[in-house]
Structure formats: structure tokens, C-alpha cells
Amino acid sequence: MAIWQFSTYLIPGQSLRKKYGEIPRQMLMDEADWDKFFEKENPETMPDFADLNILLDDIYALLTDIGDLVSWSADADFKRSFGDPDTNDITAYFHERTKIVETVNCRFDLRQPNLSFINKTLSFAKKFECFLMDKEGKLHQPSAMSLFEAIKISDSYPYLSDAEKFLKDLLKEIAT
């Protein structure tokens, strides 16, 4: 993921209520679990609260409306990506054998926001009663305002608001 992209997972409210009895403000997992969840991007590493439990075929048309199928993912065993991996994309991760979608990840290009992509993604999330989960595990409503608030507290935002300062600070951090 590029620094100018904001990444979020769509987490079904129904799965959260089933597991926790309510919608928590933040998912609590230890650091090793989060590393495994975000680095592997593999259905076997997805926590059970992320289970969308929808057949890929049932949402394929909705995903292609959000973005074109990324060619390298057309034959992937457990995921299909739509859009442009360098800017805006949405990826459905599914069980290899059953083709049941277990989670969906979205990445938004913050350099030049694509309102059509954002609106279609948020509509998708609302249709399936999903919350947006950022990389800290915080859950956000699937609305433009909530997405904006999540972006403002993300690692990407300092880069966008002052790229030169961000890079200087990063160099200082690397030096220490």
C-alpha cells in the first residue's frame, strides 16, 4: 500500500453483533494478530468477525461497477481486485473452495479523491451493513463524514497535508 492510500476493511455489523453482542468502537487484537491480518491478506488469517459470508458470484456485478477487474487477480486462488492498485481499488477475499467472500478491503487514493469510487464503495458497505475498519481496528460508519474523520487520523494524512514535513520527520525517525 502506498502512503497516499487509505486502506479500510468492510466488517459486517451482523458478524460483530454475533461475536460481541454489540458494535464495539474498536477491535482489540494483539500486535502479532494485526500484523498477520494486514500483511498476509489471506482468508486463513482473517479474524472470524470479518466474515462477510456472501458468494463471490452474488456480488461480482457490484464490484465490477466500482472498478474494472485487475487482470492479475482474475485467476488468483483467494481474491479478486477491482480498480487500480496504484490509486483506488477494492478487493474481495474468498474461500478458495466455496467462493464465499470472507472480507473486503478498499484502498482510497488521497492525492486525487475519486468521488464516484468513494460513493460506490460506501454504498456497497451500506448495502451489506458493514462498518469501515482502519488499521488500528477502529470502526467507522460507512459515510463520507466518518471516512473523512478516519482519514484525518490515519498515517496517510500527515503526508497529504505537508508532504515535505512528513518526509523530513520520517528521515529524523529513521536516523534515531
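Both backbone and side-chain heavy atoms feed into the values below; hydrogens, waters and symmetry mates do not.
Ser7 OG to Asp155 CG: the interatomic distance, rounded to the nearest 0.5 Å, is 11.0 Å. Rounded to the nearest 0.5 angstrom, Ser154 OG and Glu149 CD are separated by 11.5 Å. A distance of 14.0 Å separates CG of Asp58 from NZ of Lys99, quoted to the nearest 0.5 Å.
Judged by distance alone, with hydrogens and angles left aside, the side-chain atoms of Arg80 form no donor-acceptor pair with the main-chain N or O of Thr91 at under 3.5 Å. Within the 3.5 Å criterion, the main-chain N or O of Asp65 finds a donor-acceptor partner in the side chain of Lys120. With hydrogens and angles disregarded, no donor-acceptor distance shorter than 3.5 Å links the side chain of Asp84 to the backbone of Asp89. Under the 3.5 Å distance criterion, the side-chain polar atoms of Arg107 are matched with a main-chain donor or acceptor of Pro85. Side chain of Trp4 to main chain of Asp86: a donor-acceptor pair is present (N/O by atom type, distance under 3.5 Å, no hydrogens or angles). Side chain of Ser143 to backbone of Ser146: a donor-acceptor contact under 3.5 angstrom is found.
Side chains of Val104 and Phe128 form no contact here, defined as non-hydrogen atoms less than 4.5 Å apart. Residues Glu136 and Ile153 are not in side-chain contact: their nearest non-hydrogen atoms beyond the backbone lie 4.5 Å or more apart. With a 4.5 Å cut-off on side-chain heavy atoms, Leu10 and Leu132 count as touching. Considering only heavy atoms from C-beta on, Trp72 comes within 4.5 Å of Ser81 through its side chain. With a 4.5 Å cut-off on side-chain heavy atoms, Phe124 and Leu63 count as touching. Between Thr87 and Asn114, the closest side-chain pair of non-hydrogen atoms is not below 4.5 Å. Proximity of His140 to Leu147: side-chain heavy atoms (C-beta onward) are nowhere separated by under 4.5 Å. No side-chain heavy atom of Asn53 sits less than 4.5 Å from a side-chain heavy atom of Pro12.
Hydrophobic clustering, with ILVMFWY side chains joined whenever heavy atoms are under 4.5 angstrom apart, groups Leu69 together with Phe94. By the criterion of side-chain heavy atoms lying less than 4.5 angstrom apart, applied directly or through intervening Ile, Leu, Val, Met, Phe, Trp or Tyr residues, Tyr93 is not grouped with Ile100; the two fall into different hydrophobic clusters. There is no path of hydrophobic side-chain contacts, each under 4.5 Å, that joins Phe148 to Phe6. Residues Ile151 and Phe117 share a hydrophobic cluster, clusters being chains of Ile/Leu/Val/Met/Phe/Trp/Tyr side chains in contact below 4.5 Å.
Residue Lys126 qualifies as enclosed at atom NZ: its count of foreign heavy atoms under 6.0 Å is above 12. Atom CD of Gln14 is surrounded by 12 or fewer heavy atoms from other residues, nucleotides or ligands within 6.0 Å.
Phe82 has its ring centre less than 6.0 Å from the ring centre of Tyr60.
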